[in-house]
Every structure is written in structure tokens, then in C-alpha cells.
Amino acid sequence: MDNRKILCGFGAMAAIAACGQQKPNILYIMCDDMGYGDLACYGQQYISTPRIDSLAAEGMRFTQAYAGSPVSAPSRATFMTGQHTGHTHVRGNKEYWNNGNLQQNLYGTNADYTVVGQEPYDVNHKIIPEIFKDNGYTTGMFGKWAGGYEGSVSTPDKRGIDEYYGYICQFQAHLYYPNFLNEYSRSRGDEGVKRVVLEDNIQYPMYGGDYRKRSQYSSDLIHEKALEWLDKQEAGKPFLGIFTYTLPHAELVQPEDSIFLAYKGHFCQEKTFGGDNGSRYNPTNFAHAEFAAMITRLDAQVGQILDKLKEKGLDENTVVIFTSDNGPHEEGGADPDFFNRDGLLQGKKRSTYEGGIRIPFIVRWPGKVEAGTVNDHQLAFYDLMPTFCDIAGIENYVERYTNPALENDWFDGISFYPTLTGEGEQQQHDFLYWEFHETNMLGVRMGNWKLVVKAGACKLYDLATDIHEDKDVAAQYPDIVKQMTDIIRREHTNSSLFGVTLPQ
């Protein structure tokens, strides 16, 4: 067995000292395309985020946490599978809505796709909700799925989720006032994931001036369902909540309420966006105000989640994690350069430079995680599976859930439970790894060394002195480059769907 399979499940018994102690609940909130510098607690000066800032003040704020990929579907796959993108099956945003299955006039006069979604997760490899369902946890997921298309072998009902509401397809999530959402409830006896038609929305077109007459705002609907699910949870019955909220991803649109009006007309420099019908991004005359308000709206939703936990008496025994799936986007009129003028990190979404993959990451766990701490431990999304298992006291998850029928059923994560709690010795990564086929880029971090590979060409940076990755020092350190390219050749497994050029 690979040595990493032995090491990555550390200290599970430390999580639950006594047999009669209630297992902790876990609530994982992953927003969409929020950059490292988009929160006030990470240095943002133009956007108000008081509830998330308070979450950081009550918990641990990480400064060197990384997404699993610079785009949505593969980043979420690394979280779900505990595998990095050299091993996990889903390594890109392979779509199933663009296979010519458009049916005319399906929703009023709005043409939409008959099948939507992304490449399915490998059903032979266990994912987090399956493991937790197998160990007595109630599981709920609200937001983007992006782990398989409608009717595929990998939809929430087939992968350990008890209750789901949101977008099966991340492309559909480009519309905040969509024609339909998806839902599933095991307790209700649903046979599978189904569509929920938003009747008020479909009376108006999906694009253009009348689009804003639609009234059913998906972010609000998903959040309401998540709160309803939380309200059903009871002390003594542990739950895993995966809240994959879509804010602040484009399109830039929301209700014109007090949150939006607090920003509208208040930026001395505003940006207009003419729209992109093919991508389902409606136009806006207030791109900066829309983006800022979407983050503040998300902040308010996080606050309501925390309030609900407290109301239910669940907050003391619930681990709350807040993060983003990748770096900031420029889609639909978004302008990350405007909001992050200090230029701390280079690169955005779709890049393996730091700006594309370094993300905000906050953990609150009363009585376990020391409040107000800032930590520079290097972690990536594939570390969440072993960490969650340690929190829940799920022992030997690698041995229990490795599929012997697979030649290599990788688990790449290392638990950071010791960093959170101070219990036990924290194992460090020898390296962190990323690859992304659309931009033909790879990335490796080894200590403070960072290798960025584009179309086979290597650039090396020392993040200790060059966090913006400006000075390529590959020529000065050929031995370091060789060590890191050897890692790539060892960690990369071939994929017929998501090919990349390995280092020259």
C-alpha cells in the first residue's frame, strides 16, 4: 500500500474521547469564485463582510489554504474524493448540456436543455457523503452539485446525500433567476433527483430587459431550503451539511433591495457589462455594486446559518468551515483587479498561479479551535476528507473505503485535525499538486518553492520572497526544478478526458 494511504488518516480517536460523547456536526460552506482578498478579514477595503469576519474572529483563519483546482467542478471533486487532480477522475468542467439536446419551448417560451450537468464522479471511489452516511451521519447538500449530469451514475441521491436542493449543473447556475432547480429528499421517498420548475420565472425571457422581472432568486431559494434542513436537525443526531452556495459567481444580478442599494451609485468608478447570451450572463450597468452586494448578501446568509445553529442549540458542537472553490473570476462583468488593488497574488480563476488557487479558509469549532488564531499551515481541499473523518471519529477510512478492484484507489489528503485542535503532531505535505487542462497548466508547491508549468514550460518562484510570482528563478535552481518535475511525472495519471502537457 502507498505510504500516503497509511499516513493520511491521523488521530481519529482524538476527536471523540468517550464513547458516549456526541459526534460533532460538520457544516461546510463553499462559495463560488470568491478570491483570497474578497473578505474584509483578508484585507478587502470596499466590501462589508461583518458575519464572516466574526466567524474568523471566533475561529482559525488560514493564510495558505488552497482549492483543489482553479475551476469549479474539479475543485469540488478534490474535496469530495480526497484526491488531487493528478489522480481524481474529474479534472475539468466537462459539460453534458452542449451535446445537442436542446428542446424548444420547454419552459414557456424559454428554450432549455433536456439534460444538464458535468462529468460524473467515479462511482468506484467513495466520496465524503457516502462515508459519512455509512457512519451514521445525516447528510444534506444545498447549492451546486457539479459531480454528474442528470440521470447519470453520480447524482446526489446515488452518492450518500439524504436531502438536496440546488443546481445539478454548474452551467445552469450562471442564471440566478433560472427556469428550474433540482431537488431530492430521501425522507420524502423520492426515487431520484428531479427538476422543480420555477413558475414565476418562466413567464419572462432568460435574457434581456424583461429578465429582471423574474422573482424567484435561486440564491435565496437554496438558502431557505438549507435553513429548513438545519431546522430539522436535532442534538444527538450528527449531521454533515455541504452548502455549496453560488454567490458571488457571475452573472451579476440580484434583488434590488437594501443590500444592493447600499452599494449602487456609491463607487466613484463603476463598470458596465453588455451581457453574453451564450454564457447566460445578463447585462448590468452596475458591475462593481452588484459584485460587492453579492458578497455582502452571502455574508448575511452565513450569519443566518450561524444564528440558526445557535437557535437550535447546535453551535457549540458544530464545526463550521467557510471557503471558496477557486480564485476570483472575470466573467459576466466581474472586475477582481478593482477590488484587489494591492495585487497581492498573481493569477485568477483558471490559473495555477497563486491567485487562481489560494483561497479564504476559516474554521470555527468552539472549545476545540482557539478563537482569533491565524495559521499558515499549507493545506488543500483533498485534506478535508481525512480531517472530517478525524473530527467525526471515523477510523481507518483509507483501509475501509479503498476499492480493491481498482489498481490505484488514491487518497492524497493529510488531516489537519492537529493544527485545528493542538492535539497530536501535525504532518506536513511534501508537496501540493494541481493540473488544469483548459489552460494547459500544472502547479506544484514544495515548501516555499512554487513551480508553474504552462504548455510544458517551467517557471520557478520562491514564495517566501516573491508571493506575487514575478521573478522566475528556474535557471538558478535546476535541481529544485528537477525535484518538482519528478513529482509531476510521478503524480500525474493519464486521463483521456483532461490531458495536459507534462514538463519538457
Side-chain angles (χ1 to χ4, degrees), residues 22-32 34 39 41 48-61 128-129 132-133 136-144 156 161-167 181 183-188 216-248 254-255 257-259 293-324 360-369 371 388 391-392:
Q22 180 186 337
K23 292 183 177 183
N25 309 307
I26 300 175
L27 185 52
Y28 181 69
I29 307 170
M30 182 197 294
C31 69
D32 201 339
M34 174 184 284
L39 295 170
C41 58
S48 175
T49 54
R51 297 305 302 267
I52 299 174
D53 297 342
S54 293
L55 185 72
E58 296 171 0
M60 184 175 290
R61 179 172 64 86
I128 284 177
F132 272 70
K133 182 66 180 170
Y137 272 69
T138 298
T139 58
M141 185 170 180
F142 302 87
K144 280 170 59 171
I161 300 294
D162 290 321
E163 189 159 340
Y164 174 80
Y165 188 88
Y167 292 95
L181 290 169
E183 71 173 353
Y184 167 76
S185 175
R186 191 181 307 275
S187 63
R188 194 170 54 212
Q216 293 173 288
Y217 190 62
S218 62
S219 176
D220 289 347
L221 298 176
I222 291 166
H223 179 56
E224 288 165 6
K225 290 288 187 179
L227 290 179
E228 288 174 8
W229 179 79
L230 274 181
D231 201 45
K232 296 175 185 176
Q233 305 313 306
E234 302 175 3
K237 298 181 180 179
F239 65 81
L240 168 67
I242 302 174
F243 292 5
T244 50
Y245 283 10
T246 54
L247 295 171
Q254 62 204 296
D257 57 12
S258 60
I259 294 177
M294 289 168 84
I295 289 184
T296 297
R297 187 176 303 279
L298 172 67
D299 181 80
Q301 292 176 349
V302 171
Q304 290 169 354
I305 290 167
L306 297 173
D307 292 344
K308 177 60 69 174
L309 291 174
K310 189 171 184 178
E311 173 193 321
K312 295 285 295 180
L314 300 171
D315 59 322
E316 293 295 315
N317 195 44
T318 300
V319 186
V320 177
I321 300 98
F322 178 86
T323 189
S324 173
F361 195 94
I362 299 166
V363 182
R364 178 188 182 272
W365 188 6
K368 283 287 190 177
V369 172
F388 282 11
I391 290 170

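A quick note: this is a predicted structure, and the numbers were derived from the prediction, not measured. The first residue in the sequence is number 1, and the count goes up from there.
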Measure the spacing between [atom1] of [X] and [atom2] of [Y] and express it to the nearest 0.5 Å.
X    : Y    : atom1 : atom2 : answer
K310 : E316 : NZ    : CD    : 8.5 Å
K144 : T246 : NZ    : OG1   : 7.5 Å
Q254 : D220 : CD    : CG    : 9.5 Å
L221 : Q216 : CG    : CD    : 6.0 Å
D162 : Y184 : CG    : OH    : 7.5 Å
K133 : R186 : NZ    : CZ    : 5.5 Å

Exercise for the section: Without swapping roles, check the side chain of D32 against the backbone of Y245 for a donor-acceptor pair under 3.5 Å. Expected result: no
I'd like to check [X] versus [Y] (side-chain heavy atoms, cut-off strictly below 4.5 Å). Are they in contact?
X    : Y    : result
Y167 : T244 : no
C31  : V302 : no
F132 : I26  : yes
I305 : L227 : yes
K368 : I391 : no
L39  : M34  : yes
S48  : T296 : yes
F361 : I321 : yes

What are the two closest non-hydrogen atoms of [X] and [Y], and how far apart are they?
X    : Y    : result
Q301 : H223 : O-CE1, 3.3 Å
P366 : T318 : CD-O, 4.1 Å
P24  : V319 : CB-CG2, 4.4 Å
P129 : T139 : O-CG2, 4.0 Å
A293 : I259 : O-CG2, 3.5 Å

Completion exercise
Those residues at least two apart in sequence (or on a different chain) that pass ring pair (Phe, Tyr, Trp, His ring centres under 6.0 Å) with Y164 are none
Practice task
Tell me whether the centres of the aromatic rings in F142 and Y165 are closer together than 6.0 Å.
Solution key: no
Just list the side-chain donor-acceptor pairs under 3.5 Å for residues 231-240, sequence neighbours left out, or say none.
unit_1 : atom_1 : unit_2 : atom_2 : d
D231   : OD1    : K308   : NZ     : 3.2
Q233   : NE2    : W229   : O      : 2.8

Practice task
Walk me through it: do S219 and M294 pass the test side chain to side chain contact (heavy atoms under 4.5 Å, CB included)?
Solution key: CA-CA 10 Å; S219 176; M294 289 168 84; over 6 Å; no
Practice task
Would you check, one step at a time, whether the test side chain to side chain contact (heavy atoms under 4.5 Å, CB included) holds for Y217 with D257?
Solution key: CA-CA 12 Å; Y217 190 62; D257 57 12; over 6 Å; no
Practice task
For side chain to side chain contact (heavy atoms under 4.5 Å, CB included), just list the numbers for S54 and L306, CA-CA rounded to whole Å, side-chain angles, deciding distance to a tenth of an Å, and then say yes or no.
Solution key: CA-CA 11 Å; S54 293; L306 297 173; over 6 Å; no
Problem - Option among L27, V363, L298 that satisfies the side chain to side chain contact (heavy atoms under 4.5 Å, CB included) test with F322 - result: L298
Handout entry: Worked check of side chain to side chain contact (heavy atoms under 4.5 Å, CB included) between L309 and V320
Key = CA-CA 10 Å; L309 291 174; V320 177; 3.8 Å; yes
Exercise for the section: Using distance alone, with no hydrogens and no angle criterion, decide if D299 and T49 have a side-chain donor and acceptor under 3.5 Å apart. Expected result: no
Practice task
Identify, with sequence neighbours excluded, every residue that meets salt bridge (Lys or Arg N to Asp or Glu O under 4.0 Å) alongside D307.
Solution key: R51
